[in-house]
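Have a look at the structure below before the remarks.
We use all heavy atoms of the structure for the numbers below, so side chains are in, but hydrogens, waters and symmetry mates are not. Just so you know, residue 1 is the first one in the sequence shown, and it goes up from there.
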Amino acid sequence: MDGPGGNHEEPWWAGRARYWKLTLSAASLTFAILATIFYLLRVYASRLSRRLVRPDDIFMGLAVVFMWAETAAVLLKCYNGVGTPSADLTHDKSYRLSLAALTFFLLQGSWLVAKFCVLSMVCCRLSIILFFRTVFGVYDTTRYILSFLAVFNVIWGIASLCVSIWSCSPVTYYWDKSTPGGSCVAPSVYNHESLAFSVLGLVTDLAILATPQPRIWKSQIDIQHKRAITAILGVGVMYVP
């Protein structure tokens, strides 16, 4: 018996919409909470050691703030029609969904999510670079390489933001297709640009983590400690801001 309203079959996309809503909400909140806990433990350890707040602490804090802004944009999409065909969205949900559009695949762009993601990554890398400069900055070569990577990271961030922001002209055309005279770059072009920036970002991450390795392995500490430090730094390859 279907009740007073008669037969109310779910549309074919309802199950998919629920899946993406729950999966994206759970994944984004889980990683955001874990990252925040680790950062708070870092701050707590600094307080215990009576150490002054350093620039790398500030940049990591900014990375966490931008990460939560990215998470909020993901949740905005999750609760405004993710997985629902555009033809079945109400106008207000369609507007908010486009404004917060999340990537289903690595190469597909978004608006709010992409901006906060780039800002979080830039701050996170700067924090790691500044920390390495504090520890290994006595070596000229290492200091010069880290300085170059810091500048390159900032340039990468600015370029990524520019490409993402002005993928549509005017910018508002991204989430409001009724804007007169609006247009966006072809999806294939945008995907290739996204791939290029993703590869450059990955190479930058690997370069940052590889820079202190020669100094670590030339140090006087025992081999077990060298391996442990290398493994800990290697975890940084898997970070997701």
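Looking at Ser164 and Glu193, their side chains never come closer than 4.5 Å, going by heavy atoms from C-beta outward. Between Thr211 and Ile129, the closest side-chain pair of non-hydrogen atoms is not below 4.5 Å. Residues Met60 and Cys123 form no side-chain contact, since every pair of their non-hydrogen atoms from C-beta on lies 4.5 Å or further apart. A 4.5 Å side-chain heavy-atom check between Val53 and Val43 finds every atom pair outside the cut-off. A 4.5 Å side-chain heavy-atom check between Phe131 and Leu126 finds every atom pair outside the cut-off.
Under the 4.5 Å side-chain heavy-atom criterion for ILVMFWY residues, no single connected hydrophobic cluster contains both Leu40 and Phe38. Val154 is connected to Leu200 through a chain of hydrophobic side-chain contacts under 4.5 Å among Ile, Leu, Val, Met, Phe, Trp and Tyr, so both are in one cluster. A continuous path of Ile, Leu, Val, Met, Phe, Trp and Tyr side chains, each step under 4.5 Å between heavy atoms, connects Trp217 with Ile208, placing both in one hydrophobic cluster. Hydrophobic clustering (ILVMFWY, side-chain heavy atoms < 4.5 Å, transitive): Val203 and Ile155 are in distinct clusters. Using a 4.5 Å cut-off between side-chain heavy atoms of Ile, Leu, Val, Met, Phe, Trp and Tyr, with links allowed through other members, Val65 and Val113 fall into different hydrophobic clusters.
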Decide yes or no on side-chain contact (heavy atoms from CB on, under 4.5 Å) for Glu70 and Ser28, but give the supporting numbers first.
CA-CA 9 Å; Glu70 178 188 359; Ser28 58; over 6 Å; no

Begin with the C-alpha distance, continue with both residues' side-chain angles, and end with the deciding distance and a verdict on side-chain contact (heavy atoms from CB on, under 4.5 Å) for Ile33 and Trp68.
CA-CA 9 Å; Ile33 292 170; Trp68 273 106; 4.0 Å; yes

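Once rounded to the nearest 0.5 Å, the distance linking CG of Leu119 with CE of Met67 reads 13.5 Å. Ser188 contributes atom OG, which lies 6.5 Å from atom NE2 of His192 (distance to the nearest 0.5 angstrom). Considering CG of Asp57 and OG of Ser127, their distance stands at 7.0 Å, rounded to 0.5 Å. With rounding to the nearest 0.5 angstrom, the OG1 atom of Thr36 is 13.0 Å from the CZ atom of Phe31. Here the CG-CE distance, from Asp205 to Met121, works out to 8.0 Å after rounding to the nearest 0.5 Å. To the nearest 0.5 Å, atom CZ of residue Arg125 and atom OG1 of residue Thr204 are 5.5 Å apart.
For residues 36-67, the set of pairs meeting the disulfide bond (SG atoms under 2.5 Å apart) definition, not counting sequence neighbours, is empty.
Across all their heavy atoms, Ala210 and Pro214 have their closest contact at O-CD, 3.5 Å. When all heavy atoms of Leu209 and Phe132 are compared, the closest pair comes out as CA-CE1, 4.4 Å.
Remark: Asp140 pairs with Arg143 by the salt bridge (charged side-chain N to carboxylate O under 4.0 Å, His left out) rule, at least two apart or across chains. Listed by chain and number, the residues in a side-chain contact (heavy atoms from CB on, under 4.5 Å) with Arg215 are Phe136, Tyr139, Thr141, Thr142 (sequence neighbours excluded). Applying the side-chain contact (heavy atoms from CB on, under 4.5 Å) test to Ser167 and every residue at least two apart in sequence or in another chain returns Tyr174, Val185, Tyr190.
Under a 4.5 Å side-chain heavy-atom cut-off, the cluster of Ile, Leu, Val, Met, Phe, Trp and Tyr residues that includes Leu48 is completed by Tyr44. Tyr144 belongs to no hydrophobic cluster with other residues, because no ILVMFWY side-chain heavy atom falls under 4.5 Å from its own, directly or through intermediates.
Ser219 and Lys226 share no side-chain donor-acceptor pair at under 3.5 Å.
Note: Phe116 and Phe66 have parallel aromatic rings, judged against thresholds of 30 and 60 degrees for the angle between ring planes.
For the pair Asn153 (side chain) and Val122 (backbone), a donor-acceptor distance under 3.5 Å is present.
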